[in-house]
2 protein chains.
Amino acid sequence: MDGQISPRSQHILKVLIESYIRDGQPVGSKQLAGGSGLDLSSSTVRNVLADLEARGLVRAPHTSAGRVPTSRGYRVFVDSLLTVQPVTSDNVRQIAQRLAPGASLKQIAATVSSALSGLTSMAGLVMVPGGMPQRLRHIEFLSLSGNQVLVILVINDREVQNLIIETPRRYSEAELTQAANYLNQQFAGQTLSGVRSRLLHELRQAREQMDSLMQSAITMAERVFEPDEVIDKARDCVIAGQTNLMGFDELSDVARLRGLFEAFHQKREVLSLLDRAAYDGQGVRIFIGEESGHDLFSDCSLVTSTYQVDGEVLGLVGIIGPTRMAYDQVIPIVDVTARLVSAALNPADQPL
Amino acid sequence: MDGQISPRSQHILKVLIESYIRDGQPVGSKQLAGGSGLDLSSSTVRNVLADLEARGLVRAPHTSAGRVPTSRGYRVFVDSLLTVQPVTSDNVRQIAQRLAPGASLKQIAATVSSALSGLTSMAGLVMVPGGMPQRLRHIEFLSLSGNQVLVILVINDREVQNLIIETPRRYSEAELTQAANYLNQQFAGQTLSGVRSRLLHELRQAREQMDSLMQSAITMAERVFEPDEVIDKARDCVIAGQTNLMGFDELSDVARLRGLFEAFHQKREVLSLLDRAAYDGQGVRIFIGEESGHDLFSDCSLVTSTYQVDGEVLGLVGIIGPTRMAYDQVIPIVDVTARLVSAALNPADQPL
DNA sequence: TTTGGCACTCTTCATGATAGAGTGCTAGCC
DNA sequence: GGCTAGCACTCTATCATGAAGAGTGCCAAA
């Protein structure tokens, strides 16, 4: 039962899966004998199918309904049988066009995600990473009514974050400007976590020795750089085109869809899944059906690839759709997209 | 056929609709005769029902299936028959808690929207208006790589917007700071459209007479205040809890849901609908079924109320759900929410 | 004006028959 | 040993049928 799969069996499995992906119907021995290119009788095919079923690569929904691929079957298919379609230059153009240089990571994520969703008619997703060092570019304080201060942070040259903090007392505009100047001068270019630890250090060192200016600045900054406030916020994923998934029969059960959509909304499960996908190395990675480990995604597959800047893996683009998807087209699309994003983010390729 | 509806008919209509809202099943004459509180035979009720049907207030899905309310029926119901439930203090607290003072409009919109969705198990929505005068509080320029400049705008003391513009030449940090200072000094506190027209005016007046500082500032600002860039962006609506709608039988048709979700995503239709709802005056406003004019919403009702600052209507909160909803509970919830939002936004109630 | 009664209609559900698809197995062929 | 043809078997999908139940409309009587 174990051992190598004969080339003929492989070929039959390939044709079966291609047919099933195309039509969504279980494939019978007769149809397979006719359309496989091999000159075999349906009876012979039946023997082969019985063998494939014993290996757990296909299964029969019921006694007389032909065979459909199992997750393991898909796995073998994408690992060793798949002949990927070259991606059309039209598709490349569509994605490249949308990658206007000089957008923020968030904006890029949004456009790329929706581009992927559009090209594949499934849900596109882009993870923007948390691990990336966040460098403070610029900080600005503005006094609001009351003791509230509006803080504007520019991080990594692109991302703008703003938050409102409550201060123990009211500060004048002049104080705020001075504090900002001090912080900009002192900490610009450093990572947020670095800024944070340095702040703590300075605080501990000598509170009394500081002049009032420094004190204001540091009191303020203390609040801004509380870890959860800013730092963790950056890690997120953007999902576009979820409604596309409503078009697939195998996902059209309302309850299932609801679960999926809520997972997308809360993003927790999705992120944990993406983390696993990002774990090792570059290139396209695929989760099929139950391989994801989450029941929710049991009828879904995930095709992802990483993008990087300066050789360092930053995040991840991909699509999520029904297990029965056109892998031969989706894989290269995801692959190319990841490369394009890498290129767009790499400063070397940008006009400096 | 026309003319007044007798009190007895009204009462029967009321009981019918309440029953239908509760159970979702067509209501028959027998059930109605028993549970109406009136001492009538089913036969008499049948006569009344025939009358109500002739008036277009109820209809029979088929010959022997009891009656269900029509949109007109619901309309009569909410206009003159409805006895609203007092909103529980628990609900009030839930909303009030979430309204942390000093959040940006966008943040408020998001929390309120999701609070409404949670309380009603339907989709909550909040419109933040475009008509509101947008006053420039502060502007800041930061040079990025290339000829790109990151612009940070603080509007109305709360909203922070940032955009990246391409400039014809590269500016130094010093130039950018000076330009920002000039603009802040000159235009702070004015409306964006005001700033825009004044800029045009200055430009026309005398380009040669300006010193280079002013020129830089104005060239830059020219791009920032292009009408579509900033000004229209503020008008938006936030929808939360769309997945809740998947729980309702009458909306569980996947195709229909898909349409709805896509409308929510694109927001165009939703905004046009909300515009109509916001059109006149305060208080709770209700669109039932086809009254919305959009086919998509034909099985949905919209319950909205406005919130205001300084007596001026700013925007709109509400929920969207199936026509068959518990109006008696939803209406007061929306009403109270709108009041709470008004209160939270009114500077008078905030610590100054 | 209300009520009781009755015939009628329509849906829903279970039942059973039928056709079609596909399999597994066995016997025969190269 | 591998391939093929044939056949019995199983399972599904579909359709028609019939019975039960719910509710109406209308008529005649109180």
Side-chain angles (χ1 to χ4, degrees), chain A residues 1 3-13 15-17 19-20 22-70 73 249-250 252, chain B residues 1 3-13 15-17 19-20 22-70 73 249-250 252:
Chain A
M1 176 153 117
Q4 287 302 323
I5 313 174
S6 78
R8 193 180 65 181
S9 298
Q10 288 192 349
H11 182 251
I12 287 179
L13 177 62
V15 175
L16 183 148
I17 295 186
S19 164
Y20 182 69
R22 193 173 346 101
D23 306 333
Q25 297 296 326
V27 192
S29 56
K30 200 166 168 185
Q31 180 191 341
L32 222 35
S36 70
L38 300 175
D39 199 15
L40 293 175
S41 78
S42 64
S43 206
T44 313
V45 175
R46 278 203 285 283
N47 291 329
V48 175
L49 288 181
D51 179 52
L52 291 176
E53 182 157 16
R55 293 172 187 270
L57 303 180
V58 299
R59 79 193 157 77
H62 56 81
T63 317
S64 73
R67 305 303 213 285
V68 300
T70 63
D249 293 354
E250 47 264 76
S252 66
Chain B
M1 178 151 115
Q4 287 302 324
I5 312 174
S6 79
R8 192 180 64 183
S9 299
Q10 288 193 348
H11 182 251
I12 287 179
L13 177 61
V15 175
L16 184 148
I17 294 186
S19 163
Y20 182 69
R22 192 173 349 99
D23 306 332
Q25 298 297 326
V27 192
S29 55
K30 201 167 170 184
Q31 179 191 342
L32 224 33
S36 72
L38 299 175
D39 198 17
L40 293 175
S41 78
S42 64
S43 204
T44 313
V45 175
R46 279 204 285 284
N47 291 329
V48 174
L49 288 182
D51 179 51
L52 291 176
E53 183 157 16
R55 292 171 188 272
L57 302 180
V58 299
R59 80 194 157 75
H62 56 80
T63 317
S64 74
R67 306 300 214 285
V68 300
T70 62
D249 293 354
E250 46 265 76
S252 65

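The listed nucleotides are D:dG25, D:dA5, D:dC3; the one nearest the side chain of A:Ser41 is D:dA5. The side chain of B:Ser64 approaches C:dT9 more closely than any other nucleotide in the set C:dA21, C:dT9, D:dT24. Relative to the side chain of B:Thr63, the nucleotides C:dC10, D:dG25, D:dC11 differ in distance, and C:dC10 lies closest. For B:Thr44, counting side-chain heavy atoms from C-beta on, the closest listed nucleotide (D:dC3, C:dT23, C:dT3) is C:dT3.
The two residues A:Leu49 and A:Leu32 have their closest heavy-atom pair at CD2-CD2, 4.0 Å. Nearest heavy-atom pair across A:Ala65 and A:Pro26 is O-CB, 2.6 Å. When all heavy atoms of A:Val15 and A:Gly35 are compared, the pair lying nearest together is CG1-O, 4.1 Å.
Rounding to whole angstrom units, CG of residue A:Asn47 and P of C:dG24 are separated by 9 Å. Distance, B:Leu49 CG to C:dT3 P: 14 Å, rounded to whole Å. Straight-line distance from the CG atom of A:Leu40 to the C1' atom of D:dA5: 14 Å, rounded to whole Å. Nucleotide D:dT24 holds its P atom 9 Å from the CG atom of B:Leu32, rounded to whole Å. Atom CG of B:Leu38 and atom P of C:dT2 are 11 Å apart (whole Å). Regarding B:Ile12, its CD1 atom lies at a distance of 12 Å from the C1' atom of C:dT2, rounded to whole Å. Note: CG (A:Leu52) to P (C:dG24) measures 12 Å, nearest angstrom. Regarding A:Asp39, its CG atom lies at a distance of 11 Å from the C1' atom of D:dC3, rounded to whole Å.
Side-chain contact between A:Val27 and A:Arg67: absent, with no pair of heavy atoms (C-beta onward) separated by less than 4.5 Å. Inter-residue side-chain proximity for A:Leu38 and A:Arg8 is flagged as met; some heavy-atom pair is nearer than 4.5 Å.
At the phosphate of D:dT24, neither OP1 nor OP2 sits under 4.0 Å from any side-chain N or O atom of B:Arg59. Regarding contacts with the backbone of C:dT23, a side-chain N or O of A:Arg67 is found under 4.0 angstrom from either OP1 or OP2.
Taking only distance into account, the side chain of B:Ser43 meets the base of C:dG4 through a donor-acceptor pair shorter than 3.5 Å. Evaluation of atom-type donor-acceptor distances gives a pair under 3.5 Å for the side chain of B:Arg46 against the base of C:dG5.
Mapping B:Ser42 and B:His62 onto DNA chain C by nearest heavy atom places B:Ser42 closer to the 5' end of the strand.
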